[in-house]
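Below is one structure, written out as structure tokens; comments come after it.
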Amino acid sequence: MKNVVRVLWFGVAQEITGSAEEEFMAEDTAVLRLQILERHPGMRTVNFRLALNGTMLKKDGQLEENDVIAVLPPFAGG
Amino acid sequence: MNDSFLVAGPITPVLISELMTLGNDDTGAGAVSVFAGKVRDDEIEGKKVTALEYSAYNEMAEKVAAEIIRTVKSAFSDVRKVVFVHSTGVVKAGEVSLFIMVTSGHRDHAISACRHTLELIKENLPVWKRELF
């Protein structure tokens, strides 16, 4: 079942997509990744990871309604 | 004061002084190791960087920071206190954007743990930067 999820953009992903967040409808994170690349082809050049509800996602899995997914380009702190 | 946090703008000498008083009541800590990361005025494609603009995923960063501190404390048995702060927003070249302080009973663990904390921050803290010219 497809669920509405909030996608937060960070770093260069914010510049590419031109926004801070968007809504997607997806049943799992693997599908969501594909949707992200489809909606924002510029993201194909970014080696991004995903966080689910504030925790780094180790492997793809199901999404629940109102989950928050953060799109994380390579970190550059320090 | 928290063990770790994000701070808006540069980490000033005043803030560093305040942070360095943390743990002053711990008279068993014989070593204090500190690291300050500063913004460099790199030249990129012929243009000088005048500042970096940092952004963070705050909610996750707070959790990751706490996890880094737990990891360092469990990896170095002599470590007594781990404190670090990272800037968000604009930090000019020459200003400090990251400050780490580790206290321990003796020097070996303070120095090693400070270095280890830095590497964990670089690897895991959800922070990004954008060059301003």
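Lettering of chains follows the sequences in order, A, B, ..., and the numbering in each one begins at 1. Given the structure is predicted, the values throughout are model-derived calculations rather than measurements.
Heavy atoms of Pro73(A) lying under 4.5 Å from chain B belong to its backbone as well as its side chain. In this structure, no portion of Gln14(A) lies under 4.5 Å from any heavy atom of chain B. Contact annotation for Ile121(B): neither backbone nor side-chain heavy atoms come within less than 4.5 Å of a heavy atom of chain A. In this structure, the portions of Lys129(B) lying under 4.5 Å from any heavy atom of chain A include both its backbone and its side chain.
In terms of heavy-atom proximity, Gly11(A) sits nearest to Ser55(B) at N-OG, 4.3 Å. Closest heavy-atom contact between Gly78(A) and Ser97(B): O-OG, 3.9 Å. When all heavy atoms of Asn53(A) and Lys63(B) are compared, the closest pair comes out as O-NZ, 3.5 Å. Residues Ala51(A) and Met60(B) approach most closely at CB-SD, 3.9 Å, considering heavy atoms.
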Inset, instruction - Give the C-alpha distance, both sets of side-chain angles, the deciding distance and a yes or no for side-chain contact (heavy atoms from CB on, under 4.5 Å) between Glu59(B) and Val68(A). - result: CA-CA 12 Å; Glu59(B) 183 192 64; Val68(A) 177; over 6 Å; no

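Within 6.0 Å of CD on Glu38(A) lie no more than 12 heavy atoms contributed by other residues, nucleotides or ligands. Atom CZ of Arg39(A) has more than 12 heavy atoms from other residues, nucleotides or ligands within 6.0 Å. When the shell of 6.0 Å around CG of Asn24(B) is examined, it contains more than 12 heavy atoms from other residues, nucleotides or ligands. The number of heavy-atom neighbours closer than 6.0 Å to NZ of Lys48(B), taken from other residues, nucleotides and ligands shown, is above 12.
Neither Leu57(A) nor Tyr57(B) shares a network with the other; the hydrophobic side chains, linked directly or stepwise wherever heavy atoms of I, L, V, M, F, W or Y lie under 4.5 Å apart, form separate groups for each. Under the 4.5 Å side-chain contact rule for hydrophobic residues, Leu32(A) and Met25(A) do not share a cluster.
The aromatic rings of Trp128(B) and Phe75(A) stand perpendicular to each other, their planes meeting at an angle above 60°, with 30° marking the opposite boundary.
Listed for the Tyr54(B) side chain is no donor-acceptor partner under 3.5 Å among the backbone atoms of Ala76(A).
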